Amino acid sequence: MKANKPMRAVVLTSFGGPEGLSVSEIAEPAGPGADDVLISTAAAAVNPVDLQTRAGLHAAHSAFRPPMVLGWDVAGTVTAVGDRVTRFRPGDRVVAMSAQMATGRGTYAGTVALPADIVAPAPESVELTDAAGLPLAGLAAAQALDALALPAGATLLVTGAVGAAGGFAVQLAKLRGWTVVAQVRSTRDADEARTLGADQVVDEAGVPPATVDGLLETAGLPGAIGAVRDGGRAVSIVPTRVPAAERGIGVAVSYVEQDGPRLAELVARVDSRELRLRTAKRLGFEDAGEAHRLLAAGGVRGKLLLLP
């Protein structure tokens, strides 16, 4: 039997701090399963869920333990496809989100094997590395806006409006015909929020009570529900700090889900210049620990990308 080729990957050796991340050579996937594609990684994005997984916060809900490869977002080039895959072929540029806690298929690796149905063609209008910043944050924003189900012309408050998911939410909400109030933590973020399309920018104390139709909560600020009118809607993507229901407001939590076709719709928005990607910094695999420290420190505007 032919031995699997080695590849470079960022491996979590133990739950804890960023020092538990190190670059190692591990076996490359043997080849795609019948419904999978094999992707040569151009970049993997760093997300808050990676920091939580690294710290062991999700250990009770996942069967996977160190040593393990983290990462949900990937952009790269298809190198092989399974027997039942017809949508992709070797050489295609693609993006995908892998729910690593559930699948065990982390993306901080030189090669990733993923089911073809969660993969989408990469945007043609941006660098392939930058495209790695789209899947998780873009899908989280789009799916949360779906859950809100506000009518055209509604007013939406987005907290964390210049963060990764919040920034996509502002842009996508405008495309739905909603008026967007962007809540930011610093005045230096006001211009960025307006560039993303926000109609109004406020700080954490700046929204009058009961004045907006809906709330998309991305920043862990459950008190923001006070800005929602009686009988309005609130959706949070921060499951540990969900707003308490009050005044007839419907409250829901939106958990991001893998969705190749929906991701392809977001890619089309990027190529039509309706959706802007923001890259904060590109780092090598050997700097994964530093990327985690930067994200944990806050203030990152755009995605931190890890390149093999």
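Computed from a predicted model, the values in this text were never measured in an experiment.
At distances below 3.5 Å, at least one donor-acceptor pair connects side-chain atoms of Ser62 with backbone N or O atoms of Met101. When atom types are taken as modelled, the side chain of Gln183 and the backbone of Glu204 share a donor-acceptor pair closer than 3.5 angstrom. At least one donor-acceptor pair under 3.5 Å links the side chain of Ser272 to the backbone N or O of Arg269.
Within 6.0 Å of the CD atom in Glu290, the count of heavy atoms belonging to other residues, nucleotides or ligands exceeds 12. Heavy-atom contacts from other residues, nucleotides or ligands closer than 6.0 Å to CZ of Arg293 number more than 12.
To the nearest 0.5 Å, atom CD of residue Glu257 and atom CG of residue Leu139 are 9.5 Å apart. Rounding to the nearest 0.5 Å places NZ of Lys281 at 15.5 Å from CZ of Arg301. Here the CG-CG distance, from Asp73 to Leu136, works out to 5.0 Å after rounding to the nearest 0.5 Å. Taken to the nearest 0.5 Å, the NE2 atom of His58 stands 4.5 Å off from the OG1 atom of Thr53. The line from NE2 of His292 to CG of Leu283 is 10.5 Å long, rounded to the nearest 0.5 Å. The line from CD1 of Ile237 to CG of Leu216 is 6.0 Å long, rounded to the nearest 0.5 Å.
Ionic pairing of Asp117 and Arg87 is not present here: no N-O contact between side-chain nitrogen and carboxylate oxygen is shorter than 4.0 angstrom. Ion pairing of Asp130 with Lys303 is absent here, as no side-chain N (NZ or NE/NH1/NH2) approaches a carboxylate O to less than 4.0 Å. Looking at Asp213 and Arg229, a side-chain N of the basic residue comes within less than 4.0 Å of a carboxylate O on the acidic one, giving a salt bridge.
Side-chain atoms of Leu134 and Val267, non-hydrogen and from C-beta on, do get closer than 4.5 Å to each other. By the 4.5 Å heavy-atom criterion applied to side chains, Val162 and Val170 are not counted as neighbours.
Here Asp146 pairs with Arg176, Arg262 under the side chain to side chain donor-acceptor pair (under 3.5 Å) rule; sequence neighbours left out. In terms of the side chain to side chain donor-acceptor pair (under 3.5 Å) criterion, Arg188 has no residue partners (sequence neighbours excluded). Residues meeting the side chain to side chain donor-acceptor pair (under 3.5 Å) test with Asp35, sequence neighbours left out: Arg84.
Between Phe168 and Ala141, the shortest heavy-atom distance links the atoms CB-CB, 3.8 Å.
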